[in-house]
There are 2 protein chains.
Amino acid sequence: MIKIDKENTEEKILNAAKKVFVTKGSDGARMQEIADEAGINKSLLHYYYRSKEKLFAAVFKFAFKKFAPNLMGIFENESDIFTKITSFIHSYIDIINKNPFIPLFIINEVSKKNAGFVGAVIKNSGMNIDLFEKEIKKEIKKGTIKQVDHRQLIVNILALCVFPFIGRPIIQKVVFEDNENQYDDFLKSRKEEVSNLIINSITLTEGSDK
Amino acid sequence: MIKIDKENTEEKILNAAKKVFVTKGSDGARMQEIADEAGINKSLLHYYYRSKEKLFAAVFKFAFKKFAPNLMGIFENESDIFTKITSFIHSYIDIINKNPFIPLFIINEVSKKNAGFVGAVIKNSGMNIDLFEKEIKKEIKKGTIKQVDHRQLIVNILALCVFPFIGRPIIQKVVFEDNENQYDDFLKSRKEEVSNLIINSITLTEGSDK
DNA sequence: GTCTATAAATTGATAGAC
DNA sequence: GTCTATCAATTTATAGAC
């Protein structure tokens with residue numbers, strides 16, 4: 001009995017649901033569309049996942065975990081703080097590049113938070129900034145970097161990485177005359193742009209210890 | 001016949017629709033909820049605005065105009081480039097502060113763009129970056145600022161201004177232990193934080209003309 | 001496990017009285 | 001102009017055959 005890569009029905013449903021929920025949102029998604037996308041009968045959605053809400057919960061958990069994990073782990077290795085932050089930015093943009101619609105999806109669903117499980121998912125995701133905070137404060141004390149607020153810093157990093165993706169449709173129209181290829185090139189250059197900007201913002205100024 | 005500030009039915013409907021559409025989105029909004037919010041009968045929504053889509057179009061136009069206009073006008077006055085950019089950032093954050101849910105609303109609705117009028121609204125909004133581009137290139141030539149890409153610059157500014165608002169629910173949870181007051185304080189300090197970061201990024205480095 | 005048929009609830013829209 | 005009553009379409013969910 002060899003295990004083929006052919007996905008079973010439950011997996012087919014979950015994958016189809018990811019696609020539809022993430023692009024259409026919990027309100028805009030239709031069970032029929034998910035069934036069509038999975039190539040199966042609509043009743044099977046309810047057979048495997050009792051309700052639309054339950055199916056959505058499974059998708060949300062998956063999506064959130066994709067953006068929570070391991071990233072802060074970068075701050076556990078032995079390299080210097082500048083390398084760590086640069087690595088973080090590069091990795092994070094890579095992840096978003098591979099899943100460009102997930103950030104907006106998460107923001108929207110957390111915003112409406114009409115389901116109780118959302119808060120729980122965030123807590124259980126292991127996403128926290130303790131390690132980041134500790135690291136920044138340590139380097140400030142050592143005099144390696146400027147005296148920055150670690151919360152401002154992490155929000156700056158996230159903003160610069162995420163916004164070009166979630167704001168793409170409108171930025172592309174207004175700033176790039178709706179040229180897709182040009183915008184793809186722009187996105188490619190963001191890793192360097194964001195790294196330089198952030199590193200520059202924490203680097204000590206000549207003749208200043210503040 | 002004195003005109004009282006009491007709004008007529010049409011205005012009541014539009015104001016209620018703004019509130020509901022902006023917070024719930026075009027998919028999540030319900031005509032009944034808009035009617036309740038306006039304190040009138042549901043039929044009247046159709047009497048004044050033929051359909052849900054037409055009513056939504058009115059709301060979207062209003063919302064988009066609120067974020068498009070006059071801001072680029074700052075670049076027409078006579079102050080130096082650093083003052084202009086700082087003014088832009090301060091004004092923009094002020095506007096978002098007064099309408100914190102509109103940016104996410106616009107991003108979402110432009111993203112789904114299932115209505116043709118969205119593209120038209122953007123075009124007719126007068127929002128364009130020509131003036132900004134011209135100004136930045138002029139200052140680079142003059143040697144007042146670094147040789148930056150004006151498109152990277154405007155995206156950086158928008159990202160740093162907008163993201164803390166649209167990402168608030170999740171950032172507040174993860175970074176601020178869900179403390180609302182602390183997050184309000186954080187937002188207040190963003191004007192200075194963003195201004196410093198951006199100005200720092202375009203300021204010429206000592207002993208470098210690049 | 002998977003399908004067809006259908007129930008049950010929601011919701012945008014209209015008709016018609018006042 | 002504003003209301004009540006109702007339609008028509010959509011959509012989630014279930015029952016039951018195979």
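Chain letters run A, B, ... following the sequence lines, proteins first, then strands; residues in each count from 1. These numbers come from a predicted model, not from an experiment.
Listed in residue order, the members of residues 50-58 of chain A having a heavy atom less than 4.0 Å from DNA chain C come to none. Within residues 25-38 of chain B, the residues approaching DNA chain C are B/Ala29, B/Arg30, B/Met31, by heavy-atom distance under 4.0 Å.
By the side-chain hydrogen bond (donor to acceptor under 3.5 Å, both in side chains) test, A/Thr144 is found to be paired with A/Glu139, residues two or more places apart in sequence or in another chain being considered. By the ring-ring contact (aromatic ring centres under 6.0 Å, His included) test, A/Tyr49 is found to be paired with no residue, residues two or more places apart in sequence or in another chain being considered. With sequence neighbours excluded, no residue forms a ring-ring contact (aromatic ring centres under 6.0 Å, His included) with B/Phe163. With sequence neighbours left out, the ring-ring contact (aromatic ring centres under 6.0 Å, His included) criterion links B/Tyr48 to no other residue. Not counting sequence neighbours, the partners of A/Ala57 by the side chain to side chain contact (heavy atoms under 4.5 Å, CB included) test are A/Phe117. Taking A/Pro169 as the reference, B/Val110, B/Ser111 meet the side chain to side chain contact (heavy atoms under 4.5 Å, CB included) condition, with sequence neighbours excluded. Qualifying side-chain hydrogen bond (donor to acceptor under 3.5 Å, both in side chains) partners for A/Glu135, counting only residues two or more places apart in sequence or in other chains: A/Lys84. Not counting sequence neighbours, A/Lys134 has no partner by the side-chain hydrogen bond (donor to acceptor under 3.5 Å, both in side chains) test. When the side-chain hydrogen bond (donor to acceptor under 3.5 Å, both in side chains) test is applied to A/Asp80, the partners found at least two apart in sequence or on another chain are A/Thr83.
The distance between atom OH of B/Tyr48 and atom P of C/dA13, rounded to the nearest whole Å, is 18 Å. Rounding to whole angstrom units, CG of residue B/Leu45 and P of C/dA13 are separated by 10 Å. One interatomic measurement links the two molecules: OH of B/Tyr49 to P of D/dG1, which rounds to 12 Å at whole-angstrom precision. Atom CD1 of B/Ile13 and atom C1' of C/dA13 are 14 Å apart (whole Å).
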inquiry  = Run B/Lys52 and B/His46 through side chain to side chain contact (heavy atoms under 4.5 Å, CB included) and show every step you take.
reply    = CA-CA 8 Å; B/Lys52 185 184 180 182; B/His46 292 92; 5.9 Å; no

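Aromatic ring centroids of B/Phe176 and B/Phe186 lie under 6.0 Å apart.
Look at B/Thr9 and you'll find a side-chain N or O under 4.0 angstrom from OP1 or OP2 of D/dT2. Distances shorter than 4.0 Å separate some side-chain N or O of B/His46 from OP1 or OP2 on C/dA13.
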Name the pairs: protein N/O against N/O of nucleotides 3-7 of chain D, kept only if under 3.5 Å.
| unit_1 | atom_1 | unit_2 | atom_2 | d |
| --- | --- | --- | --- | --- |
| D/dC3 | OP2 | B/Asn41 | N | 3.2 |
| D/dT4 | OP2 | B/Asn41 | ND2 | 3.0 |
| D/dT4 | O4 | B/Ser43 | OG | 2.6 |

